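Here is how names work: the chains are called A, B, and so on, in the same order as the sequence lines, proteins then strands, and each is numbered from 1. Keep in mind the model is a prediction, meaning the values are calculated, not measured.
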Protein chains: 2
Amino acid sequence: MAQATIRDVAREAEVSVASVSRALNGAENIRADTRARVVAAAEKLGYVPHAGARSLSMARAHAIGVVLPDLHGEFFSEIVRGMDKEASARGFHLLLSNMHADLNDAVHALRAMRGRVDGLVVMAPHLDAAELMRNMPQNVPAVLVNCRADQGTPALLVDNVGGADTMVRHLLGTGRRAIAHVTGPSGNLDAEERLAGFRLSMRRHAGVDDPLVLPGDFSEEAGAAATRALIAGGQRVDAIFAANDMMAIGCMLALREAGVSVPEQIAVAGFDDIPVARYLHLTTMRVPIAGIGALAVTRLTDQLSGRGNPAATELHAPELEVRATTTAHKKEGRTRT
Amino acid sequence: MAQATIRDVAREAEVSVASVSRALNGAENIRADTRARVVAAAEKLGYVPHAGARSLSMARAHAIGVVLPDLHGEFFSEIVRGMDKEASARGFHLLLSNMHADLNDAVHALRAMRGRVDGLVVMAPHLDAAELMRNMPQNVPAVLVNCRADQGTPALLVDNVGGADTMVRHLLGTGRRAIAHVTGPSGNLDAEERLAGFRLSMRRHAGVDDPLVLPGDFSEEAGAAATRALIAGGQRVDAIFAANDMMAIGCMLALREAGVSVPEQIAVAGFDDIPVARYLHLTTMRVPIAGIGALAVTRLTDQLSGRGNPAATELHAPELEVRATTTAHKKEGRTRT
DNA sequence: CTGTTAGCGCTTTCAT
DNA sequence: ATGAAAGCGCTAACAG
């Protein structure tokens, strides 16, 4: 036997469907005993409201769409965790759509969500958000995270430039002078901003106009490759600042291979503070990933309920997390390997 | 102006809504020029089909619900990644619902998905699946992952007993005899099975009937605490087998604190092979997490389309991943810290 | 090939 | 307090 519908319940309770709806949704204008009868009937039939029909009729899906780029593991789980926590606290579901490379995919993903969600959280550091918004279903509120934001659309950004500057100053402060930067993939907003911050800071605080920059792509392998190239090229550096933690880890692996000690000979720093960074004692800039996810959902749901000003861009400053890969100070024991 | 509906497009193209539907859904019985006119009108109005209405009318949501326990970061992202990949390849969305502790939450989460999804993937190692299924919306196909499966329901399981046995034999094979096990939370299926496998294997292969078992809860802190207790108690062991990687990491931290060398004095092993395990050179049992997620979705969608036999339980054997925390053989350089 | 129409399951006026 | 009926936006017979 198929799932019971509201009509089955109505028949069973010998009332109209309207009364069932009222009874089950806690309306006031219904007699207590009528409600009881309805509840009993629903219970008996194992009735569960059809959320799809409900949202069509109410024009409210109680779901928010999440469109993400192909994120690395820990970053992904952290941001989704943050969103999920906030969403379920507010009675919303999360409809996921990891998207891949190009704008077309993204647009497709967005369109597929129309009529399923009340709003969107879009993270697309590698795309033109303006172009994206243009192809977005109209009238669907959205919060952009780490996007090349058009002004006017609510957006959450990480202060990558400031973060890179902080890191450079930390490295300079520990006596490093020849600092190389390994970049993220070209076209990626975070990568570009971190690079810009690095350049700016090196010029301003170290008087270096043309610091060493190695191309990368946020993957561990790219970090290792860049480091090997650096060593093979005989470049003399005393610090490597990678645009994210995964690459920094790659750098460390390559340095170990080459017998270069960290941080004695070369200091290594990353960006993001993914959980694994802590175990590897990697100095990095902590980005409150889960917090940003939660905040994006908060802003979106506030916007949906009319509350909260759809205040435009909000900037989040990452925090410097100093660990052993840039300071020899505290010698720690090591798990032998 | 609100989003255009199919009627707006019909009016614009001067055809009936049926024709619009046909044109946009690639039906055959429609003249090419009519279709062109419809497509043009849709384009002009920026029409995007309302997925909610569509699924109500077709009785097909093209979405699958995912109900997960509160998983640790890497495990979570891996399994969701596996599901997402498979789901989007098959034109399905993922509706997420991380659930917390009790059965009530889980039931609530499940009911909230009725009418939004075509099927469910449920992972609930800490709950009674039978009880859960009873409270599940009827007629909604489901695949259970790591659940106390009722026979009859499609299920995916990890061979925890066999995995634990493999690990114990590996440890015995490297000359360890006094092996302690740190368990997961009580009531958790994986935890219980791993413990059972440990006991069984110790009895069978080491002739130990009552091996040392320390209670834990899958968290890093629990691993550290158990280890500290072990040391404080003056117990003499030469290996610690933690029921998951996070706890194994906690063990290693506590051992380092206490100045105990790994693996010389005490070997450490975990279970799961989360990515961080690799960096820490932790010996562990590799569970193909993403693969299981993908497979769950595959089985579910096959079931939805009538394809594939809803074959009941499927068991996946984890693989032993030997690394440095159990073998002193290959000395590796270390990133200084 | 195209249009008319009856739902999908629910909420919500509008009467009563 | 309750019921009848009109949609929400779309698909799918059923007629032409």
| request: Could you name each residue pair satisfying side chain to side chain donor-acceptor pair (under 3.5 Å) that touches residues 52-65 of chain A, not counting sequence neighbours? | output: A:N25-A:R54, A:R60-A:D118

| message | Nearest 0.5 Å, please: how far is NE2 in A:H126 from CE in A:M123? | response | 10.0 Å

| field | Angle between terminal axes - the helix from C:dC1-D:dG16 to C:dT16-D:dA1, 5 pairs each end, rounded to 10° | value | 40°

| request: Whole angstrom is fine here: how far is it from NE2 in B:H50 over to P in C:dC8? | output: 19 Å

| note | With sequence neighbours left out, the residues meeting salt bridge (charged side-chain N to carboxylate O under 4.0 Å, His left out) with A:D8 are A:R11

| task | Could you check if a side-chain atom of B:V145 sits within less than 4.5 angstrom of a side-chain atom of B:V122, using non-hydrogen atoms only? | result | no

| note | Within residues 110-117 of chain A, those residues having any heavy atom closer than 4.0 Å to DNA chain C are none

| task | List in numerical order all residues of residues 31-43 of chain B for which some heavy atom is under 4.0 Å away from an atom belonging to DNA chain D. | result | none

| query | What is the 5' to 3' range of DNA chain D, first to last nucleotide, that sits under 4.0 Å from any heavy atom of chain A? | reply | D:dA1 to D:dG9

| field | For B:R22, all residues meeting side-chain contact (heavy atoms from CB on, under 4.5 Å), sequence neighbours excluded | value | B:A18, B:S19, B:A27, B:N29, B:I30

| task | With sequence neighbours left out, write down each residue that passes salt bridge (charged side-chain N to carboxylate O under 4.0 Å, His left out) with B:E314, or none if nothing qualifies. | result | B:R299

Sub-3.5 Å pairs of nitrogen or oxygen atoms, protein against nucleotides 11-14 of chain C:
from	atom 1	to	atom 2	distance (Å)
C:dT11	OP1	A:N25	ND2	3.1
C:dT11	OP1	A:R54	NE	2.4
C:dT11	OP1	A:R54	NH2	3.4
C:dT11	OP2	A:S21	OG	2.9
C:dT11	O4'	A:S57	OG	2.5

| Residues which pass salt bridge (charged side-chain N to carboxylate O under 4.0 Å, His left out) with B:R7, listed by chain and number, not counting sequence neighbours | none

| task | Would you mind checking if B:R148 and B:E193 are paired as a salt bridge, meaning a charged N to carboxylate O distance below 4.0 Å? | result | no

| Would you say B:L24 and B:V38 make side-chain contact, with heavy atoms under 4.5 Å? | yes

| Minimum heavy-atom separation for B:G119 to B:L300, with atom names? | C-CD2, 3.7 Å

| said: Set out, in order, the CA-CA distance, both residues' side-chain angles and the distance that settles side-chain contact (heavy atoms from CB on, under 4.5 Å) for A:L110 and A:V67, then state yes or no. | reply: CA-CA 8 Å; A:L110 288 175; A:V67 179; 3.6 Å; yes

| message | So does B:A61 get a backbone contact from the side chain of A:R116, meaning a donor-acceptor N/O pair under 3.5 Å? | response | yes

| Could you state the CG-C1' distance from A:L24 to C:dC10, rounded to the nearest angstrom? | 12 Å

| side chain to side chain donor-acceptor pair (under 3.5 Å) contacts touching residues 35-50 of chain A (sequence neighbours left out) | A:E12-A:K44

| Partners meeting salt bridge (charged side-chain N to carboxylate O under 4.0 Å, His left out) with A:R31 (sequence neighbours left out) | A:D33

| Minimum side-chain heavy-atom gap A:M113-A:S97 below 4.5 Å | yes

